[in-house]
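Following: one structure in structure tokens, then a few remarks.
Residue numbering restarts at 1 for every chain, and letters A, B, ... go by the order of the sequence lines. All values below were derived from every heavy atom in this structure, side-chain atoms included, with hydrogens, water molecules and symmetry-related copies excluded.
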Amino acid sequence: MANKDVTDPVRMEKIVSLCKRRGFIFQAGELYGGLNGCWDYGPLGTELKRNLKDYWWRKTVQERDDVLGMDGAILTMEEVLQSSGHIGGFSDPMCDCLLSKARLRADQIDPQDGTVYHFTGASLPETDWKTEKAYSVLQLPGQDEAKVRKTAREYYSQFVKESLMNKKDAIKAIQLEGETTEKVTGTTRYNPANGSLLTEPREFNLMLQTNFGATGEQVAYLRPETAQSIFCQYKNVLDSNRVKLPFGIAQVGKSFRNEINPRNFTFRSREFEQMEIEYFCRPEDGMRLTDEWLETRLNFYAEIGIPRNKLHILDVPDGERAFYSKKTYDIEYEFPFGIQELEGVAYRTDYDLGVHAKGSGRPLEYFDEETKERFLPHVVEPSAGCDRTVLALICEAFDEEELGTDGKSDIRTVMRFMPSMAPIKVAIFPLLKKNEEQVRLSKEIQKQLQPWMNVFYDDSGAVGRRYRRQDEVGTPFCITVDFETLGEETPELKGTVTLRHRDSMEQERLAIDDLLPWLLARVR
RNA sequence: GCGGGCGUAGCUCAGUGGUAGAGCGCCACCUUGCCAAGGUGGAUGUCGUGAGUUCGAAUCUCAUCGCCCGCUCCA
């Protein structure tokens, strides 16, 4: 098990603060108080996320011969989710303890035998407090009747105004009413820890539902994962694209889950984006391909700037995997709030195509021309959380560097994004705002580079401050048009600019004409 | 969903019943020949929201929303 104790809340707070201050991520609906579990990306966050998605798409779909893309509807038919098991099958019935408020999974309570004491209500002598609420307690092994009644009085004490008297005396004084007993066997209605009655088991609604049609009579669900539209269109993709096993279908898009408890900034949100591949293969290749995809995906993270030593691979053991999965790897990252999952690589066997073939009554078998076999392909699913990866990129990039060599403390905040991920690729400054020629040339360079990359122009304040502002949003390169550019004192430097590197703060001179190829080689 | 903490300017926070504050940031001008915090001036607040108590509420009470921590949950 990963060590969850390695957390740094202070660092996380600084990151959240920077995200808001510099326009990476805002809380959704903040103007009206905020919407729990939902987030908006600001200008820079949007660029960052787009860079990630574009890179994933390029590496996963465009640069591979065996993966095709699709973009499915978010609104999903009830039948699809019935077959997949999202309706009915996967949601766990939960009970709450009426006394301790502990939440228990109804299906994990051991059946118990014993005597149950039923009460119809309680009152408090010498006051007008009285309740008709019924309550029951199971006598646990080793408990006497007095203990059972104490438990009941503790329950009723929740409804007594605390101002009546001090709590201990109040509990002792409560009069229980209508006591009867009953022998029960195999009950799961009582908390094994304290004998208290539980609430009725409730199905937690883990999906978001919506309605449409003229009077809103038709029910649809916001998809809980992008995977289901891939499984449902697998046959159409196969028939329309002349592909052979093994092949994959990839999708990037929004999914929605009614998370009970959204936490950790954007990490667990109700609305989130996934980058998923369903890779269809022959049954005998499933295990091997799962391992291969794990390697492919780990390499991907290294390429976008999340080093291998910050990733942890969890080989999910038997019993903790989804029941249909023969093998699952979780790829986890060391977030400041703990080691948490970025991506799951799961071997899902033929479960998904199987349930949809059955649910729809349509054959989904693959016919192998060479071997003349007909079978349901198996599926390996590398499923990455897009917002989680953006958050990992931000956490990984965030750095505070001490520069105070002369005794003064100077902390430089730098987002060390890889150039390919950085929201702004290059910033362009005239050294002096008042020098018209420098301003003119700077804007000319900006126009030259803009068709190729995201460029930012700034002429306010001292140039040092402008450098630092760009450091804080992770711009890898800054270009300064200075007096040498104009060739005023050193004619041989005419037409060159200062190029300043974010990470080292070092500078070099480059000819304006060389800028585009130089940058293009580094920012993609 | 439970328990605890918190919510005042863009950010970090001070302000415990009597005129809404500081530092940083931001904007303008000046200065500035390459790495923040120099000079002058300026803008910015439904004190999270709503009700209540009060002559008067950022301050007290209740509710609600949101954030953080711990449980719980995560197909």
Return the set of residues passing side-chain hydrogen bond (donor to acceptor under 3.5 Å, both in side chains) with A:Arg321 (not counting sequence neighbours), or none when no residue passes. A:Asp318

So does A:Asn36 get a side-chain nitrogen or oxygen closer than 4.0 Å to the phosphate oxygens (OP1/OP2) of B:C65? no

Pick base, sugar-phosphate or nothing for A:Asn435, based on heavy-atom distances below 4.0 Å to the nucleic acid. nothing

Anything under 3.5 Å between a protein N or O and an N or O of nucleotides 4-7 of chain B, put it in a table, one pair a line.
none

In whole angstrom, give the distance that lies between atom CG of A:Asn264 and atom C1' of B:C69. 10 Å

When the C1' atoms of B:C47 and B:G7 are considered, how many whole Å apart are they? 10 Å

Quantified in whole Å, what is the C1' atom distance between nucleotide B:C26 and nucleotide B:A9? 11 Å

Residues in contact with RNA chain B, drawn from residues 465-475 of chain A - heavy-atom cutoff 4.0 Å: A:Arg465, A:Tyr467, A:Arg468, A:Arg469

Kindly point out which of B:C34, B:A75, B:C67 is positioned nearest to the side chain of A:Met207? B:A75

Are A:Ser460 and A:Arg466 linked by a side-chain donor-acceptor pair shorter than 3.5 Å? no

Using nucleotides 8-14 of chain B, report all nitrogen or oxygen pairs with the protein that are shorter than 3.5 Å.
residue : atom : partner : partner atom : Å
B:C11   : OP1  : A:Lys20 : NZ           : 2.5

Has A:Asn258 got a side-chain N or O lying under 4.0 Å from the OP1 or OP2 atom of B:C73? no

Taking only side-chain nitrogens and oxygens of A:Gln27, does any of them come within less than 4.0 Å of OP1 or OP2 of B:G66? no

Could A:Arg297 and A:Trp293 be counted as a cation-pi pair, given that NZ or CZ must be under 6.0 Å from the ring centre and within 45° of the axis? no

List for me each residue that meets side-chain hydrogen bond (donor to acceptor under 3.5 Å, both in side chains) alongside A:Asp471, sequence neighbours excluded, and say none if there are none. A:Arg412, A:Arg500

Side chains of A:Thr266 and A:Ser269: donor-acceptor distance under 3.5 Å anywhere? no

Polar side-chain atom of A:Arg502 near backbone of A:Phe417 as donor-acceptor pair, under 3.5 Å: yes

Between B:U54 and B:U61, how many Å separate the two C1' atoms, rounded to a whole number? 12 Å

The residue, A:Pro224 or A:Gly37, whose nearest nucleotide of RNA chain B is more 5′ is A:Gly37

In whole Å, what separates the C1' atom of B:G18 from that of B:A37? 37 Å

Mind checking who B:A14 pairs with, Watson-Crick or G-U wobble, both distances under 3.5 Å? none

Please walk me through it: do A:Lys150 and A:Glu154 pass salt bridge (Lys or Arg N to Asp or Glu O under 4.0 Å)? CA-CA 6 Å; A:Lys150 184 170 177 236; A:Glu154 278 175 17; 3.7 Å; yes

Within the structure, does a side-chain N or O atom of A:Lys433 lie under 4.0 Å from either OP1 or OP2 of B:U32? no

A:Phe337/A:Phe265 aromatic ring centres below 6.0 Å: no

Is A:Arg223 positioned over the aromatic face of A:Tyr221, cation under 6.0 angstrom from the ring centre and no more than 45 degrees off axis? no

At under 4.0 Å between heavy atoms, how does the protein contact nucleotides 39-47 of chain B? Give one character per nucleotide, 5' to 3', with B, S or -. ---------

On RNA chain B, check which nucleotide each of A:Glu225 and A:Ser460 is closest to and give me the residue with the more 5' one. A:Ser460

Gap between atoms CZ and P, on A:Arg502 and B:C34 respectively (whole Å): 23 Å

Exactly one of A:Glu396, A:Glu334, A:Glu332 clears salt bridge (Lys or Arg N to Asp or Glu O under 4.0 Å) with A:Lys310, and that residue is A:Glu396

Interatomic distance, A:Glu320 CD vs B:C73 C1' [rounded to whole Å]: 15 Å

From CZ of A:Arg270 over to C1' of B:G1, roughly how many Å is that when rounded to an integer? 12 Å

Pairwise P distance for B:G4 and B:U49, with rounding to whole Å: 24 Å

Atom CG of A:Asp458 and atom P of B:U32 are separated, to the nearest Å, by 19 Å

